[in-house]
Amino acid sequence: MSWQHKIDQSLQQRLAQAAYRRRQVNQGSTGRFLRVENRQYLNFSGNDYLGLSQDATVIAAWQQGAARYGVGSGGSGHVTGYTQAHADLEQQLADWLGCPRALLFISGYAANQALLAALTAADDRVLADRLSHASLLEAAASSPAQLRRFQHNQPESLQNLLNKPCSGQTLVVTEGVFSMDGDSAPLADLHQRASAAGAWLLVDDAHGIGVRGDEGRGSCWQQGVKPELQVVTFGKAFGLSGAAVLCSQPVAEYLLQFARHLIYSTSMPPAQAYALQTALKRIQHGDDLRQRLQQNLRQFRQGAASLPLQLTASDTAIQPLIVGDNQQTLSLAQRLRDEGLWVTAIRPPTVPPGGARLRITLTAAHQPADIERLLEVLHATCH
Ligand SMILES: *Cc1c(COP(=O)(O)O)cnc(C)c1O
């Protein structure tokens, strides 16, 4: 079979499975609104939970950073791509989260890949919540370590795996807030069991950081848990992009030696690191934004409780409505779109079979009238 044939065949297969993915040009978004094909929609599918992607002070900081440092870092952090803006941001993140060190990565995806590749060897094992993000599960699957998955948010299921012998080290992997359900991991219980077995815990808090806990310090802080490894990302509540790994001194030094995504890749633009410092300050003083988000959540959940669709146990910005059937989910999303509401339909294998859903995300940028409109259309469409 030729390359051409192989590619054509894969595309045909995708089409036949109604799983073909297409991108649409976003002609302008304010967090609250989105323009696609010259039509304006209310946006209920972004991850910009606090609306910071449009924050005037963060935008100004990026401009100042670009004027001061130029637009690119010019190399990997190990060569000349590590500036005072990067160093200051790392220190501020470490201080904020009460961890000895923070190391910046270009994205959460890269951070997870780098961590699992650098830490694990053939005798080791990774025990991951089965609903963990693709970047974690794929990194673990392609690492030399053995991957075993435990039942979602079930410490007993983790315990069964921990009880089995392992000649190497064990890394337990979970998320602070799960991206497709919006529910939270029982971090204290998981950490206690991991520690008792001599294992380390890695918490990916992509959806919790900035949104939960004092000063937005995230799920670990909120639950009073200090995992050995924490990943925070800047593409969601921070409103920019990038990520950081929070860890001990020796782990940070180890990653600087062995994390290939740090060594062989250009570091983030210093202007971005500079803008992230401003976003961090806004998050630390962001009780107003978090309260607005909470009000929006309360309004949505109250109004959605009487829908014939199931809400999840979520107190976060991610508020999915479980529909079940794929086709029904797609047509619901389409009808919402016809009414000017942009909501994403999520189908298996991104979620378990029979778990197709509307993944509704709320932000601090939404106004009460926006939520009201969403509820009105949902009630008109679902009953
Ligand atoms: C979004 C996300 C990532 C990826 O982060 P990026 O910075 O977008 O690459 C990793 N983990 C989880 C849980 C996520 O939701």
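Atoms within each ligand, like the ligands themselves, are counted from 1 in listed order. Predicted model only: the values in this text are computed from it and were never measured. Just so you know, residue 1 is the first one in the sequence shown, and it goes up from there.
Ion pair Arg335/Asp338 not flagged as a salt bridge, since none of the NZ, NE, NH1 or NH2 atoms sits closer than 4.0 Å to an Asp/Glu carboxylate oxygen.
In this structure, Phe105 CZ and Asn112 CG are separated by 9.5 Å, a value rounded to the nearest 0.5 Å.
Between Leu127 and the options Leu201, Leu162, Leu147, Asn160, a side chain to side chain contact (heavy atoms under 4.5 Å, CB included) holds for only Leu162.
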Kindly indicate, with the supporting measurements, whether the criterion side chain to side chain contact (heavy atoms under 4.5 Å, CB included) is fulfilled by Tyr49 and Thr361. CA-CA 8 Å; Tyr49 302 135; Thr361 54; 4.3 Å; yes
Side-chain atoms of residues 246-253: list all donor-acceptor pairs with protein atoms under 3.5 Å, sequence neighbours left out, distances to 0.1 Å.
unit_1	atom_1	unit_2	atom_2	d
Ser248	OG	Val251	N	3.2
Gln249	OE1	Arg101	NH1	2.7
Glu253	OE2	Arg101	NH1	2.9
Glu253	OE2	Arg101	NH2	3.3

Tabulating one pair per line, provide the atom names and distances (0.1 Å) for every N/O atom of ligand 1 that is less than 3.5 Å from a protein N/O atom.
unit_1	atom_1	unit_2	atom_2	d
ligand 1	7 (O)	Gly108	N	2.7
ligand 1	9 (O)	Gly108	N	3.2
ligand 1	9 (O)	Tyr109	N	2.9
ligand 1	11 (N)	Asp204	OD2	2.6
ligand 1	15 (O)	His207	NE2	2.6
ligand 1	15 (O)	Lys236	NZ	2.8

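Phe300 has its ring centre no less than 6.0 Å from the ring centre of His366.
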